[in-house]
Amino acid sequence: MYMKFLTTLLLFLVVPILHGAKEEHKFYVSVTKVEYASETNALQIISSIFIDDIEEVLQKRYRKDVSLATNKETEADVVLLQQYVFQKLSVTTDGKPLKMKYIGREYDVDMVKIYIEIEEVTDFTSISIENSILQDLFEEQQNIVHVKKGGERKSMILNIDTPKGMLKFD
């Protein structure tokens, strides 16, 4: 109950910041939505990350000239984005590691939405997600994860001290 209250409180504080952020922001937050599509036996994942933060990480980790969401963006930059996300995000169901498939990305104002799918996912009772995106650069980074399975929706907040969490479903 306390965790649900804390998550709700944090969302009321974070969502307006995400919507109101323009050029500069002081909060380091990403939001990842995971939905189980039982009709196709797939997990559909959308991860929303501030463009300037992910770009800064890619520049520090790989190349200083990485550019996202501009006319300078190259296919190599997109490959680095995918590579980084796949290194920092992992999903297991009922203890079984799953293979992610990069679908694409789109830019929305100051956010990049990364689309991922995991196919051949059978019904599960637990899902573990590790999301350490941006935590190698920003110690304050919090990655909010929402998982929806059937009519149930559960959430968790992952940070540098707890980059992995598990949710159980009936």
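- Met100 and Leu89 get closest at one heavy-atom pair: CE-O, 2.9 Å.
- Arg63 has a carboxylate O that lies under 4.0 Å from a charged side-chain N of Asp65, or vice versa, which qualifies the two as a salt bridge.
- A distance-only check finds no donor-acceptor pair linking the side chain of Glu55 to the backbone of Ile51 [under 3.5 Å].
- Leu81 is not listed as a side-chain neighbour of Val66, based on a closest heavy-atom distance of 4.5 Å or more.
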Assess the residue pair Ile116 and Ile114 against the criterion (side-chain contact (heavy atoms from CB on, under 4.5 Å)); give the C-alpha distance rounded to whole Å, side-chain angles, the decisive distance to 0.1 Å, and a yes or no. CA-CA 7 Å; Ile116 297 168; Ile114 299 165; 4.1 Å; yes
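- Placement of Tyr115 and Leu80 in two distinct hydrophobic clusters is found when ILVMFWY residues are connected by side-chain heavy-atom separations under 4.5 Å, directly or transitively.
- For the residue pair Pro163 and Leu158, the shortest heavy atom distance occurs at O-CD1, 3.4 Å.
- Salt-bridge formation is not detected for the pair Glu35/Arg153: no Lys NZ or Arg NE/NH1/NH2 atom is positioned less than 4.0 Å from an Asp or Glu carboxylate oxygen.
- Between Val147 and Ser155 the shortest side-chain heavy-atom distance does not fall below 4.5 Å.
- Ile160 and Val145 are assigned to two separate hydrophobic clusters, defined by single-linkage of ILVMFWY side chains at heavy-atom distances under 4.5 Å.
- Hydrophobic clustering of Ile, Leu, Val, Met, Phe, Trp and Tyr side chains at less than 4.5 Å, counting indirect connections, unites Tyr62 with Ile54.
- Between Val29 and Ile144 the shortest side-chain heavy-atom distance falls below 4.5 Å.
- Around the NZ atom of Lys33, the shell of radius 6.0 Å holds no more than 12 heavy atoms that belong to other residues, nucleotides or ligands.
- Looking only at atom types and distance, the side chain of Tyr102 has no donor-acceptor partner in the side chain of Gln83 under 3.5 Å away.
- Taken together through direct or relayed side-chain contacts under 4.5 Å among Ile, Leu, Val, Met, Phe, Trp and Tyr, Ile133 and Phe86 form part of one hydrophobic cluster.
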Might you work through the ring pair (Phe, Tyr, Trp, His ring centres under 6.0 Å) test for Tyr36 and Phe124, ending with a clear yes or no? CA-CA 10 Å; Tyr36 179 60; Phe124 58 91; 5.2 Å; yes
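- Around atom CD of Glu106, more than 12 heavy atoms belonging to other residues, nucleotides or ligands sit under 6.0 Å away.
- With a 4.5 Å cut-off on side-chain heavy atoms, Val91 and Ile118 count as touching.
- Side-chain contact between Asp170 and Glu152: present, with at least one pair of heavy atoms (C-beta onward) separated by less than 4.5 Å.
- For the pair Met156 and Ile129, the minimum side-chain heavy-atom distance is below 4.5 Å.
- Under a cut-off of 6.0 angstrom, the local environment of NZ in Lys154 is crowded, with over 12 non-hydrogen atoms contributed by other residues, nucleotides or ligands.
- The nearest pair of heavy atoms linking Glu117 to Ala42 is OE2-CB, 3.9 Å.
- Here Leu68 contributes atom CG and Gln59 contributes atom CD; the two are 8.0 Å apart, rounded to the nearest 0.5 Å.
- Residues that satisfy the side-chain hydrogen bond (donor to acceptor under 3.5 Å, both in side chains) test with Asp136, not counting sequence neighbours, are Arg61, Tyr84.
- Tested against Lys149 for a side chain to side chain donor-acceptor pair (under 3.5 Å), the candidates Thr93, Asp123, Thr125 yield a single pass: Asp123.
- The side-chain heavy atoms of Ile45 and Thr32, taken from C-beta on, include a pair separated by under 4.5 Å.
- From Glu139, atom CD reaches atom CG of Asp161 across 9.0 Å, with rounding to the nearest 0.5 Å.
- Distance check, rounded to the nearest 0.5 Å: CG of Leu98 to CD of Glu119 gives 11.5 Å.
- Put simply, the side chain of Asn159 gets close to the backbone of Thr162: a donor and an acceptor are under 3.5 Å apart.
- To the nearest 0.5 Å, the span separating OG on Ser90 from CD on Glu130 amounts to 4.5 Å.
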One pair to check against side-chain contact (heavy atoms from CB on, under 4.5 Å): His146 and Val34. What are the steps and the verdict? CA-CA 6 Å; His146 302 293; Val34 180; over 6 Å; no
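- Side-chain contact between Leu43 and Ile127 is present, with at least one heavy-atom pair separated by less than 4.5 Å.
- Remark: Met111 CE to Arg105 CZ distance equals 15.5 Å, nearest 0.5 Å.
- In this structure, a donor-acceptor pair under 3.5 Å is absent between the side chains of Thr122 and Asn41.
- When only modelled atom types and interatomic distance are considered, Asn143 and Gln141 share a side-chain donor-acceptor pair under 3.5 Å.
- Listed by chain and residue number, Tyr28 satisfy the ring-ring contact (aromatic ring centres under 6.0 Å, His included) test with Phe138 (two or more places apart in sequence, or in another chain).
- A salt bridge does not link Asp77 to Lys72: none of the charged nitrogens lies less than 4.0 Å from a carboxylate oxygen.
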Determine whether Tyr107 and Lys113 satisfy the following criterion, side-chain contact (heavy atoms from CB on, under 4.5 Å), listing intermediate values before the conclusion. CA-CA 6 Å; Tyr107 300 110; Lys113 290 182 180 180; over 6 Å; no
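- Hydrophobic cluster membership differs between Ile46 and Val78, with clusters built from Ile, Leu, Val, Met, Phe, Trp and Tyr side chains linked at under 4.5 angstrom.
- In this structure, CG on Asp53 lies 9.5 Å from CG on Asp110, to the nearest 0.5 angstrom.
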